[in-house]
S.K.: 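Below is a structure I'd like to ask you about.
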Amino acid sequence: MSALHGLDGETAETVRLVLGRRAPDVLRALEETDDPSNDLRDRTAAVLAEEFSREVSGPDWEPSPHGIRVDDAIGRFYRCYPVDRR
């Protein structure tokens, strides 16, 4: 089973969209495991964070609607797959 099945539908869709464009190798790795390693969790979040940073602009640094969706996906991803920093 894919790690993406552990996420809610909107989050999984956002992760697939972003990783499919920016890091297909990371997407493939997520789809091949149901328990992503800390490294894979970090790599996923890094790609999502980069996408989010590209969606923040304007004088108030407000995220676009897509940026908000990506930011929400980052939080939900980490809640489902926290990184163990021991």
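All of these numbers come straight from a predicted model, not from anything done at the bench.
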S.K.: Could I get the full list of side chain to side chain donor-acceptor pair (under 3.5 Å) partners for Glu55, not counting sequence neighbours?
M.R.: Ser64

S.K.: Can you tell if the side chain of Val15 reaches within under 4.5 Å of the side chain of Val47, non-hydrogen atoms only?
M.R.: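 When only atoms from C-beta onward are counted, Val47 and Val15 do not touch, as no gap falls below 4.5 Å.
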
S.K.: Sequence neighbours left out, what passes side chain to side chain donor-acceptor pair (under 3.5 Å) with Glu31? Give chain and number order.
M.R.: none

S.K.: What residues, two or more places apart in sequence or in another chain, satisfy ring pair (Phe, Tyr, Trp, His ring centres under 6.0 Å) together with Tyr81?
M.R.: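 Tyr81: ring pair (Phe, Tyr, Trp, His ring centres under 6.0 Å) contacts with Phe77.
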
S.K.: What are the two closest non-hydrogen atoms of Arg76 and Thr11, and how far apart are they?
M.R.: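 The pair with the smallest heavy-atom distance is CD-OG1, 2.9 Å.
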
S.K.: What's the separation between atom OG in Ser2 and atom CG in Leu27, rounded to the nearest 0.5 Å?
M.R.: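 Between atom OG of Ser2 and atom CG of Leu27 there are 8.0 Å.
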
S.K.: Out of curiosity, does Leu4 fall in the hydrophobic cluster containing Met1 (side-chain heavy atoms, cut-off under 4.5 Å, transitive links)?
M.R.: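 No, Met1 and Leu4 fall in different hydrophobic clusters.
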
S.K.: What pairs with Glu32 under salt bridge (charged side-chain N to carboxylate O under 4.0 Å, His left out), at least two apart in sequence or on another chain?
M.R.: none

S.K.: Walk me through it: do Arg16 and Arg21 pass the test side chain to side chain contact (heavy atoms under 4.5 Å, CB included)?
M.R.: CA-CA 8 Å; Arg16 278 189 183 99; Arg21 282 186 296 142; over 6 Å; no

S.K.: Charged N to carboxylate O under 4.0 angstrom, Arg79 versus Asp8?
M.R.: no

S.K.: With a 3.5 Å distance limit and no angle check, can you tell me whether Arg41 reaches the backbone of Tyr78 through a side-chain donor-acceptor pair?
M.R.: no

S.K.: Establish whether Leu17 and Phe52 are linked, either directly or via other cluster members, by ILVMFWY side-chain heavy-atom contacts under 4.5 Å.
M.R.: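 Different clusters.
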
S.K.: Do side-chain atoms of Asp34 reach the backbone of Ala3 as a donor and acceptor pair under 3.5 angstrom?
M.R.: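 A pair under 3.5 Å: no.
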
S.K.: Using salt bridge (charged side-chain N to carboxylate O under 4.0 Å, His left out) as the criterion, list what pairs up with Arg43, not counting sequence neighbours.
M.R.: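 In terms of salt bridge (charged side-chain N to carboxylate O under 4.0 Å, His left out), with neighbours along the sequence ignored, Arg43 is linked to Asp25, Asp39.
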
S.K.: Starting from the C-alpha separation in whole Å, work towards a yes-or-no answer on side chain to side chain contact (heavy atoms under 4.5 Å, CB included) for Glu62 and Val56.
M.R.: CA-CA 5 Å; Glu62 290 296 320; Val56 178; over 6 Å; no

S.K.: Output the distance between atom CG (Leu19) and atom CG (Leu48), rounded to the nearest 0.5 Å.
M.R.: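 Spacing of CG (Leu19) from CG (Leu48) equals 5.5 Å.
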
S.K.: Treating Thr33 as the side-chain partner and Leu30 as the backbone partner, does any N or O pair qualify as donor plus acceptor under 3.5 Å?
M.R.: no

S.K.: Enumerate, atom names and distances included, each donor-acceptor pair closer than 3.5 Å involving a side-chain atom of residues 65-72, sequence neighbours excluded.
M.R.:
{"from": "His66", "atom 1": "NE2", "to": "Glu51", "atom 2": "OE2", "distance (Å)": "2.7"}
{"from": "Arg69", "atom 1": "NE", "to": "Thr14", "atom 2": "OG1", "distance (Å)": "2.7"}
{"from": "Arg69", "atom 1": "NH2", "to": "Glu13", "atom 2": "OE2", "distance (Å)": "2.9"}
{"from": "Arg69", "atom 1": "NH2", "to": "Thr14", "atom 2": "OG1", "distance (Å)": "3.4"}

